[in-house]
Amino acid sequence: MSSTVNLAGIGMTSQRTRERLVGRLLEQGIKHWGVLDVIRSTPRHIFLDEALAHRAYEDVALPIGYNQTISQPYIVARMTERVLEGHPNLDNGKLAKVLEVGTGCGYQAAVIAQFAHKVYSVERIRPLMEKARRNLRLLGLHHVQCKHDDGSLGWKEKGPFDAIIAAAAPQEVPQELMMQLADGGRLIIPVGGEDSQELCLITRHGDSFDRQLVETVRFVPLFIGSLQH
Ligand code: SAH
(Lines give C-alpha, C1' and ligand atoms only; values in the text may rest on other atoms or scores of the structure.)
Protein backbone atom coordinates (compact mmCIF):
# COMPACT_ATOMS: atom_id res chain seq x y z
CA MET A 1 0.00 0.00 0.00
CA SER A 2 1.27 3.52 -0.74
CA SER A 3 1.22 6.43 1.68
CA THR A 4 0.04 9.77 0.36
CA VAL A 5 1.91 13.03 0.39
CA ASN A 6 0.84 15.93 2.55
CA LEU A 7 -0.85 18.42 0.26
CA ALA A 8 -1.80 21.00 2.86
CA GLY A 9 -1.06 24.47 1.54
CA ILE A 10 0.03 23.30 -1.90
CA GLY A 11 -2.06 24.68 -4.75
CA MET A 12 -3.92 21.91 -6.55
CA THR A 13 -3.80 21.99 -10.31
CA SER A 14 -6.77 20.86 -12.31
CA GLN A 15 -7.73 17.26 -11.68
CA ARG A 16 -8.36 16.95 -15.39
CA THR A 17 -4.75 17.55 -16.45
CA ARG A 18 -3.59 14.95 -13.93
CA GLU A 19 -6.14 12.41 -15.16
CA ARG A 20 -4.99 13.03 -18.71
CA LEU A 21 -1.42 12.26 -17.67
CA VAL A 22 -2.47 9.02 -15.96
CA GLY A 23 -4.47 8.11 -19.08
CA ARG A 24 -1.34 8.55 -21.19
CA LEU A 25 0.72 6.38 -18.86
CA LEU A 26 -1.94 3.66 -19.06
CA GLU A 27 -1.85 3.85 -22.86
CA GLN A 28 1.91 3.43 -22.75
CA GLY A 29 1.58 0.24 -20.75
CA ILE A 30 2.05 1.29 -17.12
CA LYS A 31 -0.04 -1.27 -15.23
CA HIS A 32 0.80 -0.85 -11.56
CA TRP A 33 -2.24 0.81 -9.96
CA GLY A 34 -0.30 1.96 -6.92
CA VAL A 35 2.23 3.71 -9.15
CA LEU A 36 -0.52 5.34 -11.23
CA ASP A 37 -2.24 6.55 -8.05
CA VAL A 38 0.98 8.02 -6.72
CA ILE A 39 1.70 9.81 -10.01
CA ARG A 40 -1.85 11.18 -9.91
CA SER A 41 -1.51 12.51 -6.36
CA THR A 42 2.09 13.77 -6.37
CA PRO A 43 2.14 17.50 -7.23
CA ARG A 44 4.81 17.63 -9.97
CA HIS A 45 4.30 21.39 -10.36
CA ILE A 46 6.05 22.15 -7.08
CA PHE A 47 9.27 20.67 -8.51
CA LEU A 48 9.36 23.20 -11.36
CA ASP A 49 10.07 26.90 -11.64
CA GLU A 50 6.97 29.02 -11.83
CA ALA A 51 7.47 29.74 -15.54
CA LEU A 52 7.24 26.02 -16.36
CA ALA A 53 4.76 24.89 -13.72
CA HIS A 54 1.84 25.04 -16.17
CA ARG A 55 3.50 22.18 -18.13
CA ALA A 56 4.00 19.96 -15.06
CA TYR A 57 1.41 17.35 -16.08
CA GLU A 58 2.65 16.92 -19.64
CA ASP A 59 4.47 13.65 -20.14
CA VAL A 60 7.82 15.29 -20.90
CA ALA A 61 11.17 15.95 -19.25
CA LEU A 62 11.58 19.67 -18.47
CA PRO A 63 14.60 21.84 -17.56
CA ILE A 64 15.37 22.42 -13.86
CA GLY A 65 18.50 24.56 -14.35
CA TYR A 66 22.20 23.60 -14.21
CA ASN A 67 21.73 21.79 -17.55
CA GLN A 68 19.63 19.10 -15.88
CA THR A 69 16.03 17.96 -16.25
CA ILE A 70 13.12 16.63 -14.24
CA SER A 71 12.48 13.12 -15.57
CA GLN A 72 9.51 12.37 -17.80
CA PRO A 73 6.58 10.97 -15.74
CA TYR A 74 6.43 7.87 -17.98
CA ILE A 75 10.07 7.05 -17.16
CA VAL A 76 9.55 7.62 -13.43
CA ALA A 77 6.47 5.39 -13.55
CA ARG A 78 8.25 2.67 -15.57
CA MET A 79 11.32 2.59 -13.32
CA THR A 80 9.21 2.55 -10.17
CA GLU A 81 6.97 -0.20 -11.55
CA ARG A 82 9.89 -2.40 -12.64
CA VAL A 83 11.58 -2.04 -9.28
CA LEU A 84 8.44 -2.93 -7.31
CA GLU A 85 6.67 -5.55 -9.40
CA GLY A 86 7.12 -8.96 -7.76
CA HIS A 87 9.99 -7.74 -5.56
CA PRO A 88 10.63 -10.47 -2.95
CA ASN A 89 11.30 -8.00 -0.11
CA LEU A 90 8.04 -6.03 -0.33
CA ASP A 91 6.37 -5.61 3.03
CA ASN A 92 2.81 -4.41 2.66
CA GLY A 93 3.69 -2.86 -0.69
CA LYS A 94 6.82 -1.16 0.59
CA LEU A 95 10.56 -1.75 0.42
CA ALA A 96 12.70 -1.12 3.48
CA LYS A 97 15.54 0.83 1.85
CA VAL A 98 15.96 2.46 -1.54
CA LEU A 99 18.86 4.47 -2.96
CA GLU A 100 18.50 7.01 -5.75
CA VAL A 101 21.48 8.29 -7.72
CA GLY A 102 20.81 11.76 -9.17
CA THR A 103 18.15 13.48 -7.02
CA GLY A 104 17.71 16.46 -9.35
CA CYS A 105 14.75 18.41 -7.97
CA GLY A 106 13.44 15.37 -6.07
CA TYR A 107 10.47 14.18 -8.14
CA GLN A 108 11.45 10.50 -8.54
CA ALA A 109 12.48 10.46 -4.87
CA ALA A 110 9.00 11.72 -3.93
CA VAL A 111 7.36 8.97 -5.99
CA ILE A 112 9.49 6.06 -4.74
CA ALA A 113 9.27 7.40 -1.16
CA GLN A 114 5.61 6.43 -1.19
CA PHE A 115 6.69 2.79 -1.64
CA ALA A 116 9.63 2.75 0.79
CA HIS A 117 10.25 3.07 4.49
CA LYS A 118 13.50 4.93 3.88
CA VAL A 119 14.96 6.59 0.77
CA TYR A 120 18.53 7.83 0.39
CA SER A 121 19.33 10.08 -2.56
CA VAL A 122 22.63 11.48 -3.79
CA GLU A 123 23.06 14.54 -6.05
CA ARG A 124 26.34 16.03 -7.31
CA ILE A 125 25.04 19.61 -7.83
CA ARG A 126 24.63 21.20 -4.42
CA PRO A 127 21.88 23.78 -5.21
CA LEU A 128 19.73 21.06 -6.81
CA MET A 129 20.17 18.83 -3.77
CA GLU A 130 19.12 21.75 -1.55
CA LYS A 131 16.08 22.44 -3.71
CA ALA A 132 15.11 18.76 -3.60
CA ARG A 133 15.38 18.78 0.19
CA ARG A 134 13.00 21.74 0.39
CA ASN A 135 10.52 20.13 -2.03
CA LEU A 136 10.51 16.83 -0.16
CA ARG A 137 10.07 18.60 3.17
CA LEU A 138 7.17 20.58 1.73
CA LEU A 139 5.46 17.29 0.85
CA GLY A 140 6.08 15.92 4.36
CA LEU A 141 8.36 13.16 3.02
CA HIS A 142 10.71 13.24 5.99
CA HIS A 143 11.94 9.68 5.42
CA VAL A 144 13.96 10.79 2.36
CA GLN A 145 17.55 11.71 3.18
CA CYS A 146 19.56 13.62 0.55
CA LYS A 147 23.28 14.29 0.35
CA HIS A 148 25.63 16.21 -1.91
CA ASP A 149 28.13 13.68 -3.23
CA ASP A 150 29.21 11.53 -6.17
CA GLY A 151 26.40 9.00 -6.41
CA SER A 152 28.35 6.67 -8.71
CA LEU A 153 29.85 5.37 -5.47
CA GLY A 154 26.41 4.74 -3.99
CA TRP A 155 26.01 5.37 -0.25
CA LYS A 156 27.83 2.46 1.31
CA GLU A 157 27.17 3.16 5.01
CA LYS A 158 23.41 3.11 4.40
CA GLY A 159 23.30 -0.07 2.29
CA PRO A 160 22.49 -2.74 1.37
CA PHE A 161 19.48 -1.50 -0.59
CA ASP A 162 16.40 -3.35 -1.80
CA ALA A 163 16.43 -1.11 -4.84
CA ILE A 164 18.72 1.40 -6.48
CA ILE A 165 17.33 3.82 -9.07
CA ALA A 166 19.83 5.72 -11.19
CA ALA A 167 18.50 8.84 -12.93
CA ALA A 168 21.68 9.52 -14.92
CA ALA A 169 23.51 7.31 -17.41
CA PRO A 170 27.04 5.91 -17.06
CA GLN A 171 28.88 4.18 -19.94
CA GLU A 172 29.04 1.06 -17.81
CA VAL A 173 27.25 -0.04 -14.66
CA PRO A 174 29.33 1.06 -11.63
CA GLN A 175 30.40 -2.05 -9.66
CA GLU A 176 29.92 -0.15 -6.39
CA LEU A 177 26.19 0.13 -7.05
CA MET A 178 25.82 -3.59 -7.75
CA MET A 179 27.73 -4.42 -4.56
CA GLN A 180 25.35 -2.28 -2.49
CA LEU A 181 22.29 -4.33 -3.51
CA ALA A 182 20.69 -6.59 -0.92
CA ASP A 183 20.02 -10.21 -1.92
CA GLY A 184 17.00 -10.07 -4.24
CA GLY A 185 17.63 -6.33 -4.67
CA ARG A 186 17.21 -4.56 -7.99
CA LEU A 187 19.20 -1.86 -9.71
CA ILE A 188 17.55 0.05 -12.54
CA ILE A 189 19.95 2.14 -14.55
CA PRO A 190 20.30 3.66 -18.04
CA VAL A 191 23.58 2.56 -19.64
CA GLY A 192 25.27 4.01 -22.71
CA GLY A 193 26.43 7.17 -24.50
CA GLU A 194 24.85 10.64 -24.53
CA ASP A 195 22.38 10.15 -27.37
CA SER A 196 20.58 7.04 -26.22
CA GLN A 197 20.95 4.35 -23.63
CA GLU A 198 19.48 1.01 -22.67
CA LEU A 199 17.54 0.96 -19.42
CA CYS A 200 18.86 -2.11 -17.56
CA LEU A 201 17.26 -3.95 -14.67
CA ILE A 202 19.87 -5.84 -12.67
CA THR A 203 18.74 -8.29 -9.98
CA ARG A 204 21.06 -9.70 -7.36
CA HIS A 205 20.82 -13.38 -6.43
CA GLY A 206 23.56 -14.02 -3.88
CA ASP A 207 26.77 -13.33 -5.76
CA SER A 208 25.28 -13.47 -9.22
CA PHE A 209 23.56 -10.68 -11.11
CA ASP A 210 20.82 -11.15 -13.67
CA ARG A 211 20.55 -8.41 -16.30
CA GLN A 212 17.44 -7.57 -18.33
CA LEU A 213 16.96 -4.81 -20.90
CA VAL A 214 13.82 -2.76 -20.30
CA GLU A 215 13.82 -0.28 -23.20
CA THR A 216 15.80 2.40 -25.00
CA VAL A 217 15.87 5.71 -23.13
CA ARG A 218 17.58 9.09 -23.01
CA PHE A 219 18.97 10.38 -19.73
CA VAL A 220 21.56 13.00 -18.79
CA PRO A 221 25.06 11.53 -18.24
CA LEU A 222 26.23 10.19 -14.88
CA PHE A 223 29.40 12.07 -13.95
CA ILE A 224 32.04 10.01 -12.26
CA GLY A 225 34.29 11.50 -9.60
CA SER A 226 33.37 15.19 -9.92
CA LEU A 227 31.24 17.41 -7.72
CA GLN A 228 29.68 20.78 -8.54
CA HIS A 229 29.30 23.30 -5.71
N1 SAH B 1 15.71 12.16 -10.26
C2 SAH B 1 15.46 13.38 -11.02
C3 SAH B 1 16.20 13.39 -12.33
C4 SAH B 1 17.29 14.37 -12.32
S5 SAH B 1 18.32 14.33 -13.76
C6 SAH B 1 13.96 13.54 -11.22
O7 SAH B 1 13.20 12.91 -10.53
O8 SAH B 1 13.53 14.32 -12.05
C9 SAH B 1 19.70 13.42 -13.15
C10 SAH B 1 20.49 14.06 -12.05
O11 SAH B 1 21.66 13.25 -11.85
C12 SAH B 1 21.02 15.46 -12.33
O13 SAH B 1 20.51 16.33 -11.36
C14 SAH B 1 22.54 15.32 -12.21
O15 SAH B 1 23.17 16.43 -11.61
C16 SAH B 1 22.68 14.09 -11.36
N17 SAH B 1 23.97 13.40 -11.46
C18 SAH B 1 24.74 13.16 -12.55
N19 SAH B 1 25.86 12.48 -12.19
C20 SAH B 1 25.79 12.29 -10.84
C21 SAH B 1 26.63 11.66 -9.88
N22 SAH B 1 27.78 11.06 -10.22
N23 SAH B 1 26.24 11.66 -8.59
C24 SAH B 1 25.07 12.25 -8.21
N25 SAH B 1 24.24 12.86 -9.07
C26 SAH B 1 24.58 12.88 -10.37
Side-chain angles (χ1 to χ4, degrees), residues 5 21 25 35 38-39 42-49 52-53 55-83 98-116 119-136 138-139 141 144-156 158 161 163-178 180 187-194 197 199 217-229:
V5 295
L21 172 61
L25 300 183
V35 171
V38 161
I39 297 268
T42 303
R44 190 167 180 255
H45 61 281
I46 69 145
F47 295 91
L48 289 163
D49 285 344
L52 281 174
R55 300 191 58 194
Y57 300 95
E58 292 177 21
D59 189 24
V60 289
L62 292 165
I64 54 171
Y66 309 91
N67 250 334
Q68 306 302 324
T69 53
I70 183 172
S71 293
Q72 182 190 356
Y74 165 75
I75 285 292
V76 170
R78 174 64 83 214
M79 299 217 289
T80 309
E81 177 178 79
R82 291 307 297 262
V83 151
V98 175
L99 172 72
E100 183 193 27
V101 177
T103 324
C105 57
Y107 178 62
Q108 167 78 76
V111 170
I112 195 67
Q114 295 172 73
F115 300 99
V119 177
Y120 298 94
S121 188
V122 187
E123 169 57 55
R124 69 179 276 275
I125 301 176
R126 188 187 288 280
L128 281 179
M129 188 277 292
E130 284 166 352
K131 197 189 246 182
R133 259 190 194 156
R134 285 196 296 276
N135 290 338
L136 293 161
L138 186 66
L139 296 181
L141 297 169
V144 184
Q145 192 178 336
C146 303
K147 80 163 170 172
H148 175 233
D149 209 340
D150 176 5
S152 67
L153 302 171
W155 193 336
K156 203 169 178 186
K158 305 293 188 187
F161 302 100
I164 303 178
I165 297 180
Q171 295 280 354
E172 276 174 33
V173 179
Q175 285 290 321
E176 275 297 329
L177 296 184
M178 291 176 33
Q180 289 175 29
L187 162 63
I188 194 155
I189 184 165
V191 184
E194 287 222 12
Q197 307 107 23
L199 188 59
V217 288
R218 187 166 181 184
F219 279 81
V220 296
L222 182 84
F223 285 85
I224 310 261
S226 80
L227 281 186
Q228 193 172 316
H229 290 270

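For ligands, and for the atoms within them, numbers begin at 1 and follow the listed sequence.
- Contact annotation for I125 and ligand 1: only side-chain heavy atoms (C-beta onward) come within less than 4.0 Å of the ligand.
- In this structure, D150 contributes its side chain and S152 its backbone to a donor-acceptor pair below 3.5 Å.
- Within the 3.5 Å criterion, the main-chain N or O of G104 finds no donor-acceptor partner in the side chain of Q68.
- Taking every non-hydrogen atom of L128 and a distance limit under 4.0 Å, the qualifying atoms of ligand 1 come out as 13 (O).
- When only non-hydrogen protein atoms are considered, atom 12 (C) of ligand 1 lies nearest to Q68 OE1, 3.2 Å.
- If you number the atoms of ligand 1 from 1 as listed, the ones under 4.0 Å from a heavy atom of V220 come out as 5 (S), 9 (C).
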One pair to check against side chain to side chain contact (heavy atoms under 4.5 Å, CB included): F161 and V98. What are the steps and the verdict? CA-CA 5 Å; F161 302 100; V98 175; 5.9 Å; no

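- Counting heavy atoms only, E123 comes closest to atom 15 (O) of ligand 1 of the residues R124, E123, K147.
- Formation of a donor-acceptor pair under 3.5 Å by the D149 side chain with backbone atoms of V122 is not found in this model.
- Of the protein's heavy atoms, T103 O, 3.4 Å lies nearest to atom 2 (C) of ligand 1.
- For ligand 1 and A168, the ligand atoms under 4.0 Å from any heavy atom of the residue are 11 (O), 18 (C).
- The N/O atoms of F223, backbone and side chain alike, include one that comes under 3.5 Å of an N/O atom in ligand 1.
- When side chains are defined from C-beta on, F47 does not count as touching K131, because their heavy atoms never get closer than 4.5 Å.
- No side-chain heavy atom of K158 sits less than 4.5 Å from a side-chain heavy atom of L99.
- Taking a 6.0 Å sphere around CD of E130, one finds it holds more than 12 heavy atoms contributed by other residues, nucleotides or ligands.
- Protein heavy atom at the shortest distance from atom 7 (O) of ligand 1 is Q108 N, 2.8 Å.
- Every atom of ligand 1 with a heavy atom of S71 under 4.0 Å away is listed here by number and element: 3 (C), 6 (C), 8 (O).
- At least one heavy atom of E100 sits closer than 4.0 Å to an atom of ligand 1.
- Side-chain contact of Q108 with S121: a donor-acceptor pair under 3.5 Å is absent, judged by distance alone.
- By the 3.5 Å distance cut-off applied to N or O atoms, A167 is not counted among the residues near ligand 1.
- Taking every heavy atom of I70 and a limit of under 4.0 angstrom, the matching atoms of ligand 1 come to 8 (O).
- Residue D150 approaches ligand 1 through these ligand atoms, each under 4.0 Å from one of its heavy atoms: 21 (C), 22 (N), 23 (N).
- Assignment of D149 to the shell around ligand 1 is supported, since a heavy atom sits closer than 4.0 Å.
- Ligand 1 does not have A109 within reach: every non-hydrogen atom of the residue lies 4.0 Å or more from it.
- Checked by atom type and distance alone, the side chain of Q180 pairs as donor or acceptor with a backbone atom of L153 at under 3.5 Å.
- Nearest to atom 4 (C) of ligand 1 among the protein's heavy atoms is T69 O, 3.2 Å.
- Across all non-hydrogen atoms, the minimal contact from F219 to Q197 is N-OE1, 2.8 Å.
- Both tests pass for R44 against the ring of Y107: distance under 6.0 Å to the centre and angle within 45° of the axis.
- A donor-acceptor pair under 3.5 Å is formed between the side chain of H148 and the backbone N or O of Q228.
- Every atom of ligand 1 is numbered from 1 in the order shown, and the set under 4.0 Å from a heavy atom of Y107 is 7 (O).
- Here the protein heavy atom with the shortest distance to atom 18 (C) of ligand 1 is P221 O, 3.6 Å.
- Looking at ligand 1, you'll find an N or O of G102 within less than 3.5 Å of one of its N or O atoms.
- Heavy-atom proximity to G151, at under 4.0 Å, picks out these atoms of ligand 1: 21 (C), 22 (N), 23 (N), 24 (C).
- M79 has its side chain within reach of L199: a pair of non-hydrogen atoms, C-beta onward, lies under 4.5 Å apart.
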